[in-house]
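Have a look at the structure below before the remarks.
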Amino acid sequence: MDWDLAPGTHVSRANLHHRFGGRIHPRISPSKSSPNVLLFTTGTAGSRFDGWTGQHVHFSGEGADGTDQRLTQGNKSVLRHMTEGRALRLFRQPQTGPTGTVEYLGECRIDGDQPFVWAEAPGDPRRPLEVRRALVFQLLPLGEPPRGLPAAAPARLERTVTAISAAALADHLSREAEIPSRQAAGNLMIRYAAFLRWTEFASMAHYRITTGHSVTPLYVELLNLTRNELVVPLASCARPGVWEALGKLRDQARYFETGPRGALLLPSAPDPDLAELLRGQGVAAVWPCGPLDFTRADPRTADAGL
């Protein structure tokens, strides 16, 4: 059947699949009865990276089992649609309005030069700390830019390190406030920054890092410029979180030519075994010793106070 829907047309999804094939539930629905791959941006967690960058339609890949998404099944159909002689047909499936009604936004094609980038996000909204890599397809509209899509940040292909304001960092942290451990760590960092500002008159900075080929930036919560020290806050001294934070310090330090040292900001004093681990890694431990004060154990000595 020839395609006869114009952009802006509203149609029931059931009728759409009856006429053009494809399955009625997935966000990516390749058809066996017509040369089309039907794409649905839904506004749900599965579409969290969908949007219009000013050049590309970003469309989130499928696969929500908690592991990294792969170029199989529906994702493979999107990537190979031109090779297989299929058109990508983009629809918006609103959360409100007539049940089962979708709006046709237009035809797109994959960007052959940069077909997809990566993002990092929870595979299941119920487990926000279990982060995996997700595909974000870069589509080029064949007509007018689609209307009604949210704005999306374009993917940078090069690595950048950009200083950001405390307000910009606070905005990022506010989006993680629904995760209690992240909120607690952020509050601890705010207390420590105030302590540094008033006791050491320290110069501090915050950064946003783009790694290239990804739409998910990295955030450096605190770089103490006076000490040349990266600080990663933690809500718990539990070992899994410490392991993750040590890796975060090593990763972020690569982006700074000054070769900053590392420090973990802990909610309480480390036990002897954890203190030994941090000394062996050359990482300082910092923790509160009162409502307004903090102390530290420097890796070059067994203990050192501020």
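- Of the N and O atoms on the side chains of Thr258 and Asn228, at least one donor lies less than 3.5 Å from an acceptor on the other residue.
- Other residues sharing the hydrophobic cluster of Ile28, ordered by chain and number and joined by side-chain separations under 4.5 Å: Val37, Leu39, Trp52, Val57, Phe59, Leu71, Val78, Leu79, Met82, Leu88, Leu90, Leu105, Ile110, Phe116, Trp118, Leu135, Phe137, Leu139, Leu149.
- With respect to Glu103, the side chain to side chain donor-acceptor pair (under 3.5 Å) criterion is satisfied by exactly one of Arg147, Arg92, Gln93: Arg92.
- Between the side chains of Thr226 and Ser203, no donor-acceptor pair is found at a separation under 3.5 Å.
- Under the 3.5 Å distance criterion, the side-chain polar atoms of Asp111 are left unmatched by any main-chain donor or acceptor of Leu140.
- The side chain to side chain contact (heavy atoms under 4.5 Å, CB included) with Leu264 is formed by just one residue from the set Val231, Val232, Val286, Leu274; it is Val232.
- Here the side chains of Ser33 and Phe20 are not in contact, with every heavy-atom distance at 4.5 Å or above.
- Taking 4.0 Å as the cut-off between side-chain N and carboxylate O, Arg89 and Glu107 count as a salt-bridged pair.
- Put simply, the side chain of Arg191 reaches to within 4.5 Å of the side chain of Pro288, judged on heavy atoms.
- Distance alone, capped at 3.5 Å, places no donor-acceptor pair between the Ser214 side chain and the Ala119 backbone.
- Here the CD-CG distance, from Gln252 to Leu249, works out to 7.0 Å after rounding to the nearest 0.5 Å.
- In this structure, Arg86 CZ and Ser31 OG are separated by 7.0 Å, a value rounded to the nearest 0.5 Å.
- Of the possible donor and acceptor atoms, one in the side chain of Ser47 sits under 3.5 Å from a partner among the backbone N and O of Thr42.
- Using a 4.5 Å heavy-atom cutoff, the side chains of Arg227 and Glu200 are in contact.
- Counting only distance, with no hydrogens or angles, the side chain of Asn75 and the backbone of Arg70 share a donor-acceptor pair below 3.5 Å.
- Taking the side chain as every heavy atom from C-beta outward, His17 and His25 never approach each other to under 4.5 Å.
- A cation-pi arrangement is present between Arg13 and Phe40 under the rule of less than 6.0 angstrom and at most 45 degrees off the ring axis.
- Using a 4.5 Å heavy-atom cutoff, the side chains of His81 and Pro30 are not in contact.
- Counting only heavy atoms from C-beta outward, the side chains of Leu223 and Pro260 approach each other to under 4.5 Å.
- The closest side-chain heavy-atom distance from Val242 to Glu244 is not below 4.5 Å.
- To the nearest 0.5 Å, atom CZ of residue Arg208 and atom CG of residue Leu169 are 10.5 Å apart.
- Ring-centre distance between Tyr255 and Tyr207: not below the 6.0 Å cut-off.
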Item to check | Residue pair Met204, Arg197: steps toward the side-chain contact (heavy atoms from CB on, under 4.5 Å) verdict | outcome: CA-CA 8 Å; Met204 294 169 284; Arg197 188 177 301 112; 3.9 Å; yes

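- Looking only at side-chain heavy atoms (C-beta outward), Val220 and Leu230 come within less than 4.5 Å of each other.
- When atom types are taken as modelled, the side chain of Ser29 and the backbone of Pro26 share no donor-acceptor pair closer than 3.5 angstrom.
- Using modelled atom types and a 3.5 Å distance limit, the side chains of Gln138 and His58 yield a donor-acceptor pair.
- Within the 3.5 Å criterion, the main-chain N or O of Asp251 finds a donor-acceptor partner in the side chain of Arg254.
- Note on Leu246 and Ile209: same hydrophobic cluster, where clusters join Ile, Leu, Val, Met, Phe, Trp and Tyr whose side-chain heavy atoms are under 4.5 Å apart, directly or indirectly.
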